[in-house]
Each structure stands twice: as C-alpha cells, then as structure tokens.
Amino acid sequence: MYINWENKLIETIGENRYSHSLRVMETAVKLAMTYNVDLEKTRIAGILHDCGKIRNETYLLKRTDDFGIILDKSMEYNHELIHGPLGAEIAKVEYGIEDIEILDAIYYHTTGRENMSTLDKIIYIADYIEPKRNFEGVEKVRDMAFSDINQSIIMAMEKTISFLIKNNKLIHPNTIKARNYLIIESNKY
C-alpha cells in the first residue's frame, strides 16, 4: 500500500524528507520486530510520520487552518511542531488511515506524550535515530533503543530539552509529561 504513496509524499514533503521517511520506516520495522509490534502498522506510521511536514510555511498554516487544528503556545512559537497533528489529519483524510494507533504515532512523534503506546515509542525514537542522524550521543541512544526503548526515549528527550533550552525555545508540555511518565514507570521495577 505505502509504495503507491511515493509520488504524493515527494510532491508534498520533497525527496530528502521522503528518503528520511523511508529510513525511519526501516528503523521502525527493526524496532517493531524487537518489541513484537504489528509490522504493517509500523510501516504505515513510519512512512507517513512526516506527511504533514509541508515545506511552504504559508501553505502549512493554511492546511492547519483547513483542518481546524488549534495551535497551542508551543506550536504558535515553533511551527516545526505543527507537522505531527497536521500529519495525523492528512494521513486520515488523504491516505485513508483509520487506525487510531497509527494516527496517534504520527500525531505525537515530535513531542511524545504520557503513556505512549509501543508504536508511539517506536516512531518517536526511529525518527530520532534513523541511520543518517549524526550528532553527538546518537550512537548511545541508537544502541539503547534496541535494549530499553523507554530509556532511549528519556535520553533523546533530555538531549532535545537541553537543545531547546540552549536555543531559548519553548519546550512542549507533552515532552515534559512524557519524560516524567517514563521516569516514574522505569522506577517501578
């Protein structure tokens, strides 16, 4: 199914972003095999996770308005965060995805959320560690993702939060809630 989406995705998000989406899908499938998650759902969520990452900012905001998406403060100040919620709407309306688990994985892949599903976690961390990502510490997170996905997400979120603080950017409340939730969960054992 997702093979037929190539041209439409390239037209919307560009070839580089499409290549990234393929790498996220491939990484996500490897993680899904490790954590026993439905492979087809994982492929769909992986290839479509950035379908709302529209390159033209004016068009991005128009599409957001078309879908009636209400922006929170973090999204108003950081338009990069819009593509998750917008992508979930586009996946539903334009790609016919009705599975709420897939739509949620697309929606929350940039911020995370409390009590993430395993598919949410896989798409979140696959986006962070896909093979072309190259920054200090990515190898450690990449290795951790295959042995303790919760710990890898905590590490990724802490790096993201540090980056946002250094660059005087807002931190989305869902990221804080997700990190806190995962820490509480990891301390239960």
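Please read all numbers here as calculations on a predicted model, not as lab measurements.
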Can a donor-acceptor pair be found, under 3.5 Å and without considering hydrogens, that links the side chain of Arg113 to the backbone of Tyr107?
no
Membership question, hydrophobic clusters at under 4.5 Å side-chain separation (ILVMFWY): are Ile153 and Phe146 in the same one?
yes
Kindly compute the distance separating CD (Glu40) from CD1 (Ile102), expressed to the nearest 0.5 Å.
8.0 Å
With salt bridge (charged side-chain N to carboxylate O under 4.0 Å, His left out) as the rule and sequence neighbours excluded, what pairs involving residues 160-177 come up?
none
Hydrophobic clusters join Ile, Leu, Val, Met, Phe, Trp and Tyr when side-chain heavy atoms are under 4.5 Å apart, directly or via other members; which others share one with Phe163?
Ile161, Leu164, Ile165, Ile171, Ile176
Quick check: do Ser152 and Ile125 have side-chain heavy atoms less than 4.5 Å from each other?
yes
So which atom in Leu60 and which in Leu86 form the shortest heavy-atom distance, rounded to 0.1 Å?
CD1-CD2, 3.6 Å
Minimal non-hydrogen separation, Thr110 against Tyr124, with atom names:
O-CE1, 3.8 Å
Can Thr160 and Tyr128 be said to form a side-chain contact (heavy atoms from CB on, under 4.5 Å), step by step?
CA-CA 10 Å; Thr160 299; Tyr128 192 85; 3.8 Å; yes
Check: Thr111 side chain, Thr175 main-chain N or O, donor-acceptor pair, under 3.5 Å
no
Ile106 CD1 to Leu48 CG distance, which is reported to the nearest 0.5 Å:
5.0 Å
Using the salt bridge (charged side-chain N to carboxylate O under 4.0 Å, His left out) criterion, which residues pair with Glu80? Sequence neighbours excluded.
Lys53
Which residue pairs pass the ring-ring contact (aromatic ring centres under 6.0 Å, His included) test when at least one of the two sits in residues 53-86, sequence neighbours left out?
His83-His109
Can you tell me if Asn16 and Ser19 form a side-chain donor-acceptor pair at under 3.5 Å?
no
Val24: which other cluster members, linking ILVMFWY side chains closer than 4.5 Å, directly or transitively?
none
Any side-chain heavy-atom pair of Glu26 and Pro131 under 4.5 Å:
no
Could you go step by step and tell me if Leu9 and Tyr95 meet the side-chain contact (heavy atoms from CB on, under 4.5 Å) rule?
CA-CA 10 Å; Leu9 279 168; Tyr95 293 88; 3.5 Å; yes
How is the hydrophobic cluster of Ile100 composed, in terms of its other members, when Ile, Leu, Val, Met, Phe, Trp and Tyr link through side-chain heavy atoms under 4.5 Å apart, directly or indirectly?
none
dist Ile70:CD1 -> Thr64:OG1 (nearest 0.5 Å) comes out at 12.0 Å
State, with a plain yes or no, whether a side-chain heavy atom of Tyr181 is found less than 4.5 Å away from one of Met116.
no
Hey, what do you get for CE (Met33) to CG (Leu39), rounding to the nearest 0.5 Å?
6.5 Å
Return the minimal non-hydrogen interatomic distance between Val141 and Ala156, and the atom names on each side.
CG1-CB, 4.4 Å
Going through the distances and angles, do Cys51 and Ile90 end up as a side-chain contact (heavy atoms from CB on, under 4.5 Å)?
CA-CA 7 Å; Cys51 69; Ile90 289 172; 3.9 Å; yes
Under the side chain to side chain donor-acceptor pair (under 3.5 Å) rule, collect the residues that match up with Lys41, sequence neighbours excluded.
Asp99, Glu101
So, for Gly112 and Asn174, which heavy atoms are closest and what is the spacing to 0.1 Å?
O-CB, 3.2 Å
Among residues two or more places apart or on two chains, list those pairs meeting ring-ring contact (aromatic ring centres under 6.0 Å, His included) that have a residue in residues 6-36.
His20-His49
Within 6.0 angstrom of Asn36 CG, more than 12 heavy atoms from elsewhere:
no
Please name the residue in the list Glu89, Glu57, Glu94 that meets the salt bridge (charged side-chain N to carboxylate O under 4.0 Å, His left out) test with Arg63.
Glu94
Please walk me through it: do Ile54 and Ile13 pass side-chain contact (heavy atoms from CB on, under 4.5 Å)?
CA-CA 6 Å; Ile54 297 169; Ile13 63 176; 5.8 Å; no
With sequence neighbours excluded, tell me which residues meet salt bridge (charged side-chain N to carboxylate O under 4.0 Å, His left out) with Glu130.
Arg23
State yes or no: do Ile47 and Val93 share one hydrophobic cluster built from I, L, V, M, F, W and Y residues joined by side-chain heavy-atom distances below 4.5 Å, directly or via other members?
yes
Run the salt bridge (charged side-chain N to carboxylate O under 4.0 Å, His left out) test against Glu158 and tell me which residues pass, sequence neighbours left out.
Arg179
Who passes salt bridge (charged side-chain N to carboxylate O under 4.0 Å, His left out) against Lys62, sequence neighbours left out?
Asp66
Do the side-chain N and O atoms of Asp72 and His172 include a donor-acceptor pair separated by under 3.5 angstrom?
yes
Please give me the minimum heavy-atom distance between Gly46 and Ile123, naming the atom from each residue.
N-CD1, 3.6 Å
Might you point out which heavy atoms bring Ala145 and Ile129 nearest each other, and give the distance in Å?
CB-CD1, 3.8 Å
Using the rule that two of Ile, Leu, Val, Met, Phe, Trp, Tyr join whenever any of their side-chain heavy atoms come within less than 4.5 Å, decide whether Ile122 and Met155 are in one cluster.
yes
Would you call Leu71 and Ile82 a side-chain contact if the rule is heavy atoms closer than 4.5 Å?
yes
Any donor-acceptor pair under 3.5 Å from Asp148 side chain to Met144 backbone
no
Filter on salt bridge (charged side-chain N to carboxylate O under 4.0 Å, His left out), then keep only pairs touching residues 10-20, sequence neighbours left out; what's left?
Arg17-Asp50
